[in-house]
> 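This structure is in structure tokens; I'll ask about it shortly.
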Amino acid sequence: MADQAIINEVGLRDGLQNQPVTVDTDTKARLAQLLVDAGMRYLEPVSFVSPKAIPQMADAAALTPLLPQGDDLHYTALIPNLKGYQLAKEAGYPTVALVLSTTDSFNERNLRMSLEQAAQSCETIIAAAREDGIATRTYISGALACPYDGPVPVSLPQQLAERMFAAGSDEVAIADTIGAGNPQQMKAIMAPLIRDFGAERFYVHLHDTRGLAAAMAWEAADLGVRKFDASVGGLGGCPFAPGATGNMATEDLVYLLESCGLDTGINIDGLREAVALAAEATQRPLGGRILDWMVSQEKQGKTPCLW
């Protein structure tokens, strides 16, 4: 049996939060269903944030009951603070994702907190979640580079990850929020953390700004990581990270992992309809490189052979 890999679909949240076109709640629910139909079992559909700061997420509470249901479906809500945690708890999310950026500059723009204040806020939320039986995943945002201060020392995301584990975070995600890293940096950050805490406790979250997301994803996989974020069609971008482009496209990550012998349980053909809906809803062209190749094959009258 092939080694299993988890892809957490963040297109509905990270993918849509920075789009200039407002996507209505029913369309988001349709997109979630198409993703689930394609085999997606882990999704991050909402964030409980200020609607003034991120209007695209204003319907988080309304979208939640419209999401596909099933015992094998796993939903996460992103939260910026304790108020967001309470809203996610009330909405019934079994897992919450916290955000901790690597610099004061990034935390101040993203959370209106210093780095230390943000770390303490995460610790408070993690403690509350443990009491409530809610799982936590802490994102170390800007782990390889800060959009304001530039490159980040390898030791900094490592120290923050260690601190969050010490606070009781179930998982930590290493996030290249602006897509400025490279595989060597990924290895330098992840290898010691995996040695100390185990690969199963880590996610990797990648943006493809400079075209190295696939290489970094495989570096992480080669180190033993089996949990990844991705966004349908390559949607994405951070409102508080200038220059950040889309996340690694879900379909490209599926192709990378499956072609190298890891089982994602996700069907690329099934994702095409989801990509088409996302493109229509956001009024922009979308789709990973593998979809471009598939279309080129079909135009030649060939049936794309993926594996």
Side-chain angles (χ1 to χ4, degrees), residues 5-10 13-14 42 44 47 74-81 84-85 88 93-103 106-107 110-111 113 115-130 134-146 152-179 181 183 185-207 213 216-217 219-230 238 241 247-248 253:
I6 289 172
I7 295 180
N8 180 46
E9 174 60 51
V10 299
R13 197 279 303 171
D14 200 5
Y42 292 78
E44 184 182 292
S47 59
H74 307 269
Y75 290 112
T76 300
L78 186 80
I79 57 167
N81 49 36
Y85 169 73
Y93 280 88
T95 304
V96 293
L98 295 71
V99 180
L100 176 60
S101 300
T102 51
T103 66
F106 202 177
N107 281 295
N110 198 11
L111 301 172
M113 302 179 193
L115 171 55
E116 180 58 31
Q117 289 171 329
Q120 291 179 10
S121 175
C122 285
E123 290 168 336
T124 298
I125 295 170
I126 290 167
R130 287 177 68 85
I134 294 175
T136 52
R137 181 185 314 131
T138 307
Y139 281 78
I140 309 300
S141 186
L144 291 90
C146 169
V152 172
V154 169
S155 60
L156 186 50
Q158 291 172 336
Q159 291 167 2
L160 294 175
E162 291 168 3
R163 181 170 176 178
M164 292 302 102
F165 280 135
S169 187
D170 295 290
E171 298 170 325
V172 164
I174 300 300
D176 186 14
T177 314
I178 60 173
Q185 287 174 293
M186 177 62 68
K187 183 176 182 179
I189 292 172
M190 295 298 302
L193 289 172
I194 288 171
R195 178 196 64 212
D196 293 342
F197 298 101
E200 70 279 358
R201 300 189 71 183
F202 289 96
Y203 266 82
V204 169
H205 176 103
L206 301 168
H207 288 245
M216 294 174 68
E219 182 64 49
D222 200 39
L223 290 168
V225 174
R226 294 293 182 267
K227 299 176 184 177
F228 303 85
D229 284 353
C238 176
N247 297 65
M248 184 174 185
L253 182 56

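All residue numbers in this chain count up from 1 along the given sequence.
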> Under the 3.5 angstrom rule, does the side chain of Thr76 hit a backbone N or O of Glu44 as a donor-acceptor pair?
no
> Can you tell me if Asp170 uses its side chain to pair, donor with acceptor, with the backbone of Thr136 under 3.5 Å?
yes
> So, do Val152 and Pro157 sit near enough that their side-chain heavy atoms are less than 4.5 Å apart?
yes
> How far does CD1 of Ile174 sit from CE of Met186, to the nearest 0.5 angstrom?
7.5 Å
> Can you list the steps and then say if Ile126 with Met164 is a side-chain contact (heavy atoms from CB on, under 4.5 Å)?
CA-CA 9 Å; Ile126 290 167; Met164 292 302 102; 4.1 Å; yes
> Are any of the side-chain heavy atoms of Tyr139 and Asp229 separated by less than 4.5 Å?
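Of all side-chain heavy-atom pairs linking Asp229 with Tyr139, at least one is under 4.5 Å.
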> Minimum heavy-atom separation for Asn81 and Ser121, please, with both atom names.
CA-OG, 4.4 Å
> Would you find a donor on one side and an acceptor on the other, under 3.5 Å apart, between the side chain of Arg137 and the backbone of Val96?
no
> Of all heavy-atom pairs between Gly84 and Ile79, which one has the smallest distance, and what is that distance?
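Closest approach of Gly84 to Ile79: O-CG2, 3.4 Å.
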> Excluding sequence neighbours, so at least two apart, what forms side-chain hydrogen bond (donor to acceptor under 3.5 Å, both in side chains) with Ser169?
Thr138
> Please step through side chain to side chain donor-acceptor pair (under 3.5 Å) for the pair Gln120 and Glu116, ending with a clear verdict.
CA-CA 6 Å; Gln120 291 179 10; Glu116 180 58 31; 2.8 Å; yes
> What do you reckon, is CZ of Arg130 surrounded by more than 12 foreign heavy atoms closer than 6.0 Å?
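Incorrect, the count does not exceed 12.
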> Out of curiosity, Lys227 NZ to Glu171 CD, how far, rounded to the nearest 0.5 Å?
4.0 Å
> To the nearest 0.5 Å, what is the distance between OH on Tyr203 and CZ on Arg201?
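These two atoms lie 13.5 Å from each other.
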> Work out which heavy atom in Leu206 is nearest to a heavy atom in Ala213; give both atom names and the distance.
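Closest approach of Leu206 to Ala213: CD1-O, 3.3 Å.
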> List for me each residue that meets ring pair (Phe, Tyr, Trp, His ring centres under 6.0 Å) alongside Phe202, sequence neighbours excluded, and say none if there are none.
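Phe202 satisfies ring pair (Phe, Tyr, Trp, His ring centres under 6.0 Å) with Phe165 only.
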> So how far is it from Asn107 CG to Gln117 CD, rounded to the nearest 0.5 Å?
9.0 Å
> Donor-acceptor pairs are to be reported for all side-chain atoms of residues 188-200 against protein atoms at under 3.5 Å, with residues two or more places apart or in another chain.
none

> Does some side-chain heavy atom of Ile140 sit less than 4.5 Å from a side-chain heavy atom of Thr102?
yes
> If you look at every heavy atom in Leu160 and Ser101, which pair is closest and at what distance?
CD1-O, 4.0 Å
> Taking atom NE2 of His207 and atom CG of Leu144, what is their separation to the nearest 0.5 Å?
12.0 Å
> Could you grab the distance from atom CD1 of Ile134 to atom CD1 of Ile125, nearest 0.5 Å is fine?
11.0 Å
> With a 4.5 Å heavy-atom cut-off, do Phe106 and Thr177 have their side chains touching?
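Yes. Closest side-chain heavy atoms under 4.5 Å.
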> Can you give me the closest heavy-atom contact between Gly181 and Asp176, atom names plus distance?
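Between these two residues, the closest heavy atoms are N-OD2, 2.9 Å.
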> Given the rule in the side-chain contact (heavy atoms from CB on, under 4.5 Å) test, do Asp14 and His205 qualify, once you have shown the distances and angles that lead to the verdict?
CA-CA 11 Å; Asp14 200 5; His205 176 103; 3.1 Å; yes
> Using a 3.5 Å distance criterion without hydrogens, assess whether the side chain of Ser47 forms a donor-acceptor pair with backbone atoms of Leu78.
no
